[in-house]
Peer 1: 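The structure under discussion is supplied below as C-alpha cells; questions concerning it will follow.
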Amino acid sequence: MAKLIDGWEVVIGLEIHTQLNTKTKIFSGSSTEFGQDPNTQASLVDLAMPGVLPVLNQAVVDLAVRFGLGINAYIDQASVFARKNYFYPDSPKGYQISQMDNPIVGLGHVDIQLDDGSVKRIGVTRAHLEEDAGKSIHGAVSGMTGIDLNRACTPLLEIVSEPDMRSVEEAVAYVKTIHSLVRWLGISDGNMAEGSFRCDCNVSLRRPGNEFGTRCELKNINSFRFIEQAINVEIERQMDILESGGSITQETRLFDPVKMETRSMRSKEEANDYRYFPDPDLLPVIITDEQIERIRAELPELPVARRARFVESYGLTDYDAHVLTLSREMADFYEAVVVTAGGEKHAKLAANWVMGEFSAALNKASLELQNSPVSAEQLGGMVARI
C-alpha cells in the first residue's frame with residue numbers, strides 16, 4: 001500500500017539524462033573531454049552551420065543497446081531520429097536531434113531495494129538517444145550570461161520511468177540504482193558534479209483511488225541530496241495549494257537549494273509544441289540480431305545476478321550482498337579479497353572487513369576505492385591470517 005502524507009498519495013516519475021562514454025560527440029568528431037576552454041570543442045556540425053551534415057557515432061548505438069539489455073528492455077531494431085524544435089540560448093541549432101517515435105530502448109524495468117530491505121519493481125517506459133545542449137554561464141561577466149557550447153552535441157541517453165514511485169525514498173533509491181547501473185555497464189562515468197548524470201523529477205499529488213493529479217517537472221537536478229530535498233519541497237508546495245482549494249498548474253520548475261523552494265521556469269510543453277518531425281539528414285538506425293547478440297555476450301554479470309550469487313555461494317545476507325554490489329568496483333574488490341583470503345570459508349569475514357574497517361578508513365581519508373593504498377590482495381592476506 002502506498003504511503004500517504006496527510007491523506008495525499010504522491011506520484012513520482014523520473015527522467016534521467018546520462019552522458020555516454022564516447023571520446024567524440026554523437027553526430028561529429030568533436031572531443032567530449034570535460035573541462036576544456038569554453039567554445040573550443042564545438043565544430044561546425046555541432047552548430048548546424050549551412051552545408052554540414054551529421055553522421056551518427058556507432059559507439060553511441062552500442063551503448064544504448066547495452067543499457068537496454070541491462071534492464072531487460074525491448075530493443076527497437078529500426079529507430080528514427082527527429083528534430084525537436086525550440087529556442088534556448090544554449091541550443092545553437094534552434095532544435096535538438098532526439099528520438100520521439102520508436103525510441104531505441106522500449107519497455108523495461110529495474111528493481112530497487114529500500115531501507116527496510118523490501119524490493120520494488122519500477123517500470124522504465126523508454127530510453128532514447130539525443131544530443132546535449134550547451135551550458136549557460138551566469139556571473140562570469142557582470143550583468144550578462146555567457147554561453148559555452150563545448151557540451152553541445154555530447155551524446156545523451158534519456159531514461160524515462162513509469163510514474164511508479166510513491167515516496168521520496170523510492171525516487172532516490174531508483175536514481176541511485178540507475179546511477180549504479182550505468183557505471184556498472186561502463187556506458188557513463190555518472191559524474192553528477194560535471195553534469196554527466198542529471199535528473200528531471202515529475203511530481204503530482206492525488207487522493208487515493210483518484211486519477212493522476214497535475215504534475216510539475218523539477219528540472220536538471222544533479223545530486224541525490226538535492227533530488228530528495230526538491231521533491232519534498234514540491235510536495236509541500238502542492239499540498240498547500242490543494243488544501244487551500246487551489247489547483248496545480250502544469251509547468252517546469254527550478255529547485256533553489258539555498259532558499260529551499262521551487263520556482264516557475266516555464267509552462268510545461270507537450271510533444272506537439274515541439275513540432276517533431278524526422279530529421280531529413282539522418283537515416284533510420286537499423287540494429288541487427290547479430291549486433292544485439294554481440295553486445296549481450298560482452299555484458300558483465302549484472303548487479304542482481306551477482307547479488308544472488310554472493311548470497312548463494314558466499315552465505316552473505318541480502319543486506320551485505322546489496323552493499324557490496326552498489327558498484328562494480330566494490331564487488332570486484334570484494335571478490336579479489338575472498339580469493340586471496342582462501343575462498344568461500346572466509347567470505348563472511350572478508351565482507352565484514354570490506355564493509356567495516358576498510359570502508360571506514362577510506363571515508364576518513366576521503367579516498368575513492370580506486371585510490372586505496374591497500375590492495376585487495378593485501379587485505380585478503382590479512383583476513384587469511386586472522
Peer 1: Could you walk me through whether Phe255 and Glu261 pass side chain to side chain contact (heavy atoms under 4.5 Å, CB included), step by step?
Peer 2: CA-CA 6 Å; Phe255 172 60; Glu261 66 180 19; over 6 Å; no

Peer 1: Counting N and O atoms only, with roles assigned by atom type, does the side chain of Gln99 sit under 3.5 Å from a partner on the main chain of Leu129, one being a donor and the other an acceptor?
Peer 2: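 Side chain of Gln99 to backbone of Leu129: a pair is present.
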
Peer 1: Where the side chain of Asp148 meets the backbone of Asn39, is there a donor-acceptor pair that is under 3.5 Å apart?
Peer 2: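 Checking the backbone N and O of Asn39 against the side chain of Asp148, a donor-acceptor pair under 3.5 Å is found.
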
Peer 1: Do Cys201 and Ile221 make a side-chain contact, defined as non-hydrogen atoms from C-beta onward lying under 4.5 Å apart?
Peer 2: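 Counting from C-beta outward, Cys201 and Ile221 do come under 4.5 Å.
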
Peer 1: Return yes if some donor-acceptor pair links the side-chain N/O of Ser188 with the main-chain N/O of Asn21 below 3.5 Å, else return no.
Peer 2: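 A pair under 3.5 Å: no.
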
Peer 1: Kindly check if the number of other-residue, nucleotide or ligand heavy atoms within 6.0 Å of NZ (Lys93) is above 12?
Peer 2: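 Counting neighbours around NZ of Lys93, more than 12 heavy atoms of other residues, nucleotides or ligands fall under 6.0 Å, so yes.
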
Peer 1: Heavy atoms, side chains only, cut-off 4.5 Å: are Glu335 and Arg309 in contact?
Peer 2: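 Yes, close enough: below the 4.5 Å cut-off.
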
Peer 1: Taking Arg66 for its side chain and Leu185 for its backbone only, find out whether a donor-acceptor pair lies under 3.5 Å.
Peer 2: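 Side chain of Arg66 to backbone of Leu185, a donor-acceptor pair under 3.5 Å: yes, one is there.
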
Peer 1: Please name the pair of heavy atoms, one in Pro280 and one in Phe277, separated by the smallest distance, quoted to 0.1 Å.
Peer 2: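 Shortest heavy-atom separation between Pro280 and Phe277 comes out as CD-CE1, 3.9 Å.
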
Peer 1: In Å and rounded to the nearest 0.5 Å, what is the CZ to CH2 distance from Arg306 to Trp184?
Peer 2: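 Here the rounded value is 5.0 Å.
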
Peer 1: Would Thr252 and Glu217 count as having a side-chain donor-acceptor pair, cut-off 3.5 Å?
Peer 2: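 Yes, a side-chain donor-acceptor pair sits under 3.5 Å.
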
Peer 1: So which heavy atom on Leu63 is nearest to which on Gly186, and how close?
Peer 2: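 Nearest pair, atom of Leu63 first, then Gly186: CD2-O, 4.5 Å.
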
Peer 1: Between Glu298 and Arg294, is the closest basic N to carboxylate O distance under 4.0 Å?
Peer 2: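 Between Glu298 and Arg294 there is a salt bridge, with a charged N closer than 4.0 Å to a carboxylate O.
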
Peer 1: Please determine whether side chain to side chain contact (heavy atoms under 4.5 Å, CB included) holds for the pair Gln291 and Gln58, giving the CA-CA distance in whole Å, both sets of side-chain angles, and the decisive distance to 0.1 Å.
Peer 2: CA-CA 11 Å; Gln291 184 178 354; Gln58 174 64 53; 3.0 Å; yes

Peer 1: Rounded to the nearest 0.5 Å, what's the gap from CD on Gln238 to OG1 on Thr214? Could you check?
Peer 2: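 Reported value, rounded in 0.5 Å steps: 8.5 Å.
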
Peer 1: In terms of relative ring orientation, are His179 and Phe224 parallel, tilted or perpendicular, with 30° and 60° separating the classes?
Peer 2: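 Plane angle over 60°, so perpendicular.
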
Peer 1: Working note: Met355 + Tyr334, criterion side chain to side chain contact (heavy atoms under 4.5 Å, CB included); need CA distance, chi angles, decisive distance, verdict.
Peer 2: CA-CA 9 Å; Met355 294 187 299; Tyr334 166 68; over 6 Å; no

Peer 1: Applying a strict under-4.5 Å side-chain criterion to I, L, V, M, F, W and Y, I'd like to know whether Val339 and Val383 cluster together.
Peer 2: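 Different clusters: Val339 never reaches Val383 through Ile, Leu, Val, Met, Phe, Trp or Tyr contacts under 4.5 Å.
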
Peer 1: Does any N or O in the side chain of Asn102 come within less than 3.5 Å of the main-chain N or O of Val80, such that one atom is a donor and the other an acceptor?
Peer 2: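 Here the side-chain-to-backbone pair does not exist.
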
Peer 1: Can Arg207 be said to sit on top of Trp8's aromatic six-ring, NZ or CZ under 6.0 Å from centre and within 45° of the ring axis?
Peer 2: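 The answer is yes; both the distance and angle limits are met.
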
Peer 1: Looking at Ala133, is its backbone amide N or carbonyl O close enough to the side chain of Arg151 to form a donor-acceptor pair, meaning the two atoms are under 3.5 Å apart?
Peer 2: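 Checked: pair present.
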
Peer 1: So do the side chains of Pro92 and Asp46 get within less than 4.5 Å of each other, counting heavy atoms only?
Peer 2: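 No, too far: nothing below the 4.5 Å cut-off.
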
Peer 1: Checking Tyr274 against Gln96: is there a side-chain donor and acceptor pair closer than 3.5 Å?
Peer 2: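 Side-chain D/A pair, Gln96 to Tyr274: absent.
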
Peer 1: Any chance you could measure Leu47, atom CG, to Cys153, atom SG, to the nearest 0.5 Å?
Peer 2: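 Answer for the CG-SG pair, Leu47 versus Cys153, is 9.0 Å.
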
Peer 1: Taking the side chain as every heavy atom from C-beta outward, state whether Lys120 and Arg166 have any pair of such atoms under 4.5 Å apart.
Peer 2: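 The answer is yes, as the side chains (C-beta and beyond) meet within the 4.5 Å cut-off.
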
Peer 1: Give a yes-or-no answer on whether the side chains of Ser30 and Ser43 include a donor-acceptor pair shorter than 3.5 Å.
Peer 2: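 Yes, Ser43 and Ser30 have a side-chain donor paired with an acceptor closer than 3.5 Å.
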
Peer 1: Do other residues, nucleotides or ligands put more than 12 heavy atoms under 6.0 Å from Tyr88 OH?
Peer 2: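 Open: at most 12 neighbouring heavy atoms sit under 6.0 Å from OH of Tyr88.
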
Peer 1: Using the rule that two of Ile, Leu, Val, Met, Phe, Trp, Tyr join whenever any of their side-chain heavy atoms come within less than 4.5 Å, decide whether Tyr314 and Trp353 are in one cluster.
Peer 2: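 Yes.
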
Peer 1: Considering non-hydrogen atoms only, spot the tightest contact between Gly106 and Ala73 and give its length.
Peer 2: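 Smallest interatomic distance, heavy atoms only, reads O-CB, 3.6 Å.
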
Peer 1: Judged by modelled atom types alone, do Gln19 and Asp132 share a side-chain donor-acceptor pair under 3.5 Å?
Peer 2: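 Present: a donor and an acceptor within the cut-off.
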
Peer 1: Identify the two heavy atoms, one from Ala347 and one from Val338, that lie closest to each other, and give their separation to 0.1 Å.
Peer 2: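 Heavy-atom minimum between the residues: CA-CG2, 4.2 Å.
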
Peer 1: Taking all heavy atoms of Ile112 and all of Tyr174, pick out the closest pair and write down the distance.
Peer 2: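 That closest heavy-atom pairing would be CG2-CA, 3.6 Å.
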
Peer 1: Would you compute the distance between atom CD of Glu131 and atom OH of Tyr95 and round it to the nearest 0.5 angstrom?
Peer 2: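 Spacing of CD (Glu131) from OH (Tyr95) equals 7.5 Å.
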
Peer 1: Going hydrophobic residue to hydrophobic residue with side-chain gaps under 4.5 angstrom, can you get from Ile231 over to Val160?
Peer 2: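 Hydrophobic grouping puts Ile231 apart from Val160.
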
Peer 1: Evaluate whether atom OH of Tyr86 has more than 12 neighbouring non-hydrogen atoms of other residues, nucleotides or ligands under 6.0 angstrom away.
Peer 2: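 Buried by this count: over 12 neighbours within 6.0 Å.
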
Peer 1: Heavy-atom count check: over 12 atoms from other residues, nucleotides or ligands less than 6.0 Å from Leu44 CG?
Peer 2: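 It does not: Leu44 CG has 12 such atoms or fewer within range.
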
Peer 1: Do Cys216 and Glu234 make a side-chain contact, defined as non-hydrogen atoms from C-beta onward lying under 4.5 Å apart?
Peer 2: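 Yes - at least one pair of side-chain heavy atoms lies under 4.5 Å apart.
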
Peer 1: Does any non-hydrogen side-chain atom of Glu15 lie less than 4.5 Å from one of Thr125?
Peer 2: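 In short, these two side chains do not touch, never coming nearer than 4.5 Å.
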
Peer 1: Using the rule that Ile, Leu, Val, Met, Phe, Trp and Tyr join whenever any side-chain heavy atoms are under 4.5 Å apart, tell me whether Leu56 and Ile292 fall into a single cluster.
Peer 2: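 Same cluster: Leu56 reaches Ile292 through Ile, Leu, Val, Met, Phe, Trp or Tyr contacts under 4.5 Å.
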
Peer 1: Just how far is it from atom NZ of Lys219 to atom CD of Glu251, taken to the nearest 0.5 Å?
Peer 2: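 Output value for this atom pair is 13.5 Å.
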
Peer 1: Evaluate side chain to side chain contact (heavy atoms under 4.5 Å, CB included) for Ser359 paired with Met330, printing each intermediate quantity in order.
Peer 2: CA-CA 10 Å; Ser359 291; Met330 179 61 81; 3.9 Å; yes

Peer 1: Check whether any side-chain N or O of Lys25 sits under 3.5 Å from a backbone N or O of Gln41 as a donor-acceptor pair, and report yes or no.
Peer 2: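 A pair under 3.5 Å: yes.
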
Peer 1: To the nearest 0.5 angstrom, please state how far the CZ atom of Arg275 sits from the CZ atom of Arg83.
Peer 2: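 It is 11.5 Å, given to the nearest 0.5 Å.
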
Peer 1: Take Glu33 and Asn150, measure what side-chain hydrogen bond (donor to acceptor under 3.5 Å, both in side chains) needs, and give me the verdict at the end.
Peer 2: CA-CA 9 Å; Glu33 185 178 357; Asn150 280 351; over 6 Å; no

Peer 1: Are Glu293 and Arg296 close enough that some pair of their side-chain heavy atoms sits under 4.5 Å apart?
Peer 2: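 They are in contact (side-chain heavy atoms under 4.5 Å apart), so the answer is yes.
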
Peer 1: Taking everything shown except Met49 itself, do over 12 heavy atoms lie less than 6.0 Å from its CE?
Peer 2: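 At most 12 heavy atoms, drawn from other residues, nucleotides or ligands, come within 6.0 Å of this atom.
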
Peer 1: Indicate yes or no for a side-chain donor-acceptor contact from Asp200 to the backbone of Asn220 under 3.5 Å, with no hydrogens or angles considered.
Peer 2: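 Side chain of Asp200 to backbone of Asn220, a donor-acceptor pair under 3.5 Å: yes, one is there.
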
Peer 1: Looking at Ile287, is its backbone amide N or carbonyl O close enough to the side chain of Gln77 to form a donor-acceptor pair, meaning the two atoms are under 3.5 Å apart?
Peer 2: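 Yes; judged by distance alone, with no hydrogens or angles, the pair exists.
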
Peer 1: Give a yes or no on this: more than 12 heavy atoms of other residues, nucleotides or ligands lie within 6.0 Å of atom CD of Glu368.
Peer 2: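 Atom CD in Glu368 is not crowded, with 12 or fewer foreign heavy atoms closer than 6.0 Å.
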
Peer 1: Are Leu367 and Leu369 joined in one hydrophobic group, where the rule is that I, L, V, M, F, W and Y side chains link up if heavy atoms are under 4.5 Å apart?
Peer 2: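 Yes, same cluster.
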
Peer 1: Can you name the nearest heavy-atom pair linking Leu362 to Ser372, along with the distance?
Peer 2: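 For Leu362 versus Ser372, the nearest heavy atoms are CD2-CB, 3.8 Å.
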
Peer 1: Going by heavy atoms in the side chains, are Leu282 and Phe27 under 4.5 Å from each other?
Peer 2: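 Of all side-chain heavy-atom pairs linking Phe27 with Leu282, at least one is under 4.5 Å.
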
Peer 1: Should the pair Asp320-Lys348 be classified as a salt bridge under the 4.0 Å nitrogen-to-oxygen rule?
Peer 2: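 So Asp320 pairs with Lys348 through a salt bridge.
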
Peer 1: Could you tell me whether the side chain of Arg126 and the main chain of Pro103 form a donor-acceptor pair under 3.5 Å?
Peer 2: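 Between the backbone of Pro103 and the side chain of Arg126 there is no qualifying donor-acceptor contact (under 3.5 Å).
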
Peer 1: Should the heavy atoms of other residues, nucleotides or ligands under 6.0 Å from NZ of Lys176 be counted, would the total exceed 12?
Peer 2: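 No, not enclosed.
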
